[in-house]
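First comes the structure, then the notes that go with it.
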Amino acid sequence: YSLFDGTDRITIAEGVQIGAWVAIFTHSTHIAIRLHGRHYVSVPEDEKVGFRRAPVSIGAYTFVGAGSQIFPGITIGKGVIVTANAVVKRDVPDFAVVAGDPAEVIGDTRLMDRPYLRKHRDLQAEYDVWAGE
């Protein structure tokens, strides 16, 4: 039940989980449609004034919660949690927890992971490999 707009490139790294009802957009027409009016459909895409097209990238082992929206040109780092219904309108740094509309950083996943890694030390080496720590 998710929408992946393939107008431009979407890069999804290893281990990414994407919930239901997520929308990933790589283009935007909200300016171009007003500027061109009824002629919008007859104007070639590369000539549409105000038409935005940009790739989206989602880093390794990131979780994108149900109902989230990701807009064109966004890079989401590795190890991120995008909470349910977040609206991502700007880049998200590695290991951030983001929530809201617009999505804001509200936490750090490494802090969430520490208690588990202390309890299960055998996981630390593999975690360090992908996390780059």
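All heavy atoms count here, side chains included; hydrogens, waters and symmetry mates do not. Just so you know, these numbers come straight off a predicted model, no measurement behind them.
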Over all atoms of both residues, closest heavy-atom pair of [X] and [Y]:
{"X": "Gly65", "Y": "Val22", "result": "O-CG2, 3.3 Å"}
{"X": "Thr26", "Y": "Thr7", "result": "OG1-N, 3.2 Å"}
{"X": "Thr62", "Y": "Gly59", "result": "OG1-O, 3.1 Å"}
{"X": "Ala86", "Y": "Val82", "result": "CB-CG1, 3.7 Å"}
{"X": "Lys48", "Y": "Tyr40", "result": "CE-O, 3.1 Å"}
{"X": "Gly79", "Y": "Thr109", "result": "O-OG1, 2.7 Å"}

Does any N or O in the side chain of [X] come within less than 3.5 Å of the main-chain N or O of [Y], such that one atom is a donor and the other an acceptor?
{"X": "Thr83", "Y": "Val97", "answer": "no"}
{"X": "Arg34", "Y": "His30", "answer": "yes"}
{"X": "Arg52", "Y": "Thr29", "answer": "no"}
{"X": "Thr75", "Y": "Val92", "answer": "no"}

Once rounded to the nearest 0.5 Å, what's the spacing between atom [atom1] of [X] and atom [atom2] of [Y]?
{"X": "Ile33", "Y": "Phe51", "atom1": "CD1", "atom2": "CZ", "answer": "10.5 Å"}
{"X": "Gln17", "Y": "Ile81", "atom1": "CD", "atom2": "CD1", "answer": "10.0 Å"}
{"X": "Ile58", "Y": "Ile12", "atom1": "CD1", "atom2": "CD1", "answer": "5.0 Å"}
{"X": "Ser57", "Y": "Ile76", "atom1": "OG", "atom2": "CD1", "answer": "8.5 Å"}
{"X": "Asp108", "Y": "Asp113", "atom1": "CG", "atom2": "CG", "answer": "8.5 Å"}

Measure the shortest side-chain to side-chain distance between [X] and [Y] over non-hydrogen atoms and say whether it is less than 4.5 angstrom.
{"X": "Arg53", "Y": "Arg9", "value": "no"}
{"X": "Phe25", "Y": "Leu3", "value": "yes"}
{"X": "Pro93", "Y": "Val105", "value": "yes"}
{"X": "Asp91", "Y": "Ile74", "value": "yes"}

Please check if [X] and [Y] belong to a single hydrophobic cluster, counting links between Ile, Leu, Val, Met, Phe, Trp and Tyr side chain heavy atoms closer than 4.5 Å.
{"X": "Val80", "Y": "Ile10", "answer": "yes"}
{"X": "Tyr127", "Y": "Tyr61", "answer": "yes"}
{"X": "Phe4", "Y": "Val88", "answer": "yes"}
{"X": "Val56", "Y": "Val98", "answer": "yes"}
{"X": "Leu117", "Y": "Phe95", "answer": "yes"}

Exercise for review: For Asp5 and His27, test the side chains for any donor-to-acceptor distance below 3.5 angstrom and give the result as yes or no.
Suggested key: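 Yes, a side-chain donor-acceptor pair sits under 3.5 Å.
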Review point. Are Asp101 and Lys89 ion-paired here, with the side-chain N under 4.0 Å from a carboxylate O?
Key: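 Result for this pair is yes, salt bridge flagged.
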Check your understanding: Salt bridge check: are Glu14 and Lys78 linked by an N-O gap of less than 4.0 Å?
Key ->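 No.
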Review point. When the ring planes of Trp21 and Tyr1 are compared, do they come out parallel, tilted or perpendicular, using 30° and 60° as the limits?
Key: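 Judged by the thresholds at 30° and 60°, the geometry between Trp21 and Tyr1 is parallel.
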Review point. Looking at Lys119, Glu126, His120, which one forms a side-chain contact (heavy atoms from CB on, under 4.5 Å) with Leu123?
Key: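 When side-chain contact (heavy atoms from CB on, under 4.5 Å) is applied between Leu123 and each of Lys119, Glu126, His120, only His120 qualifies.
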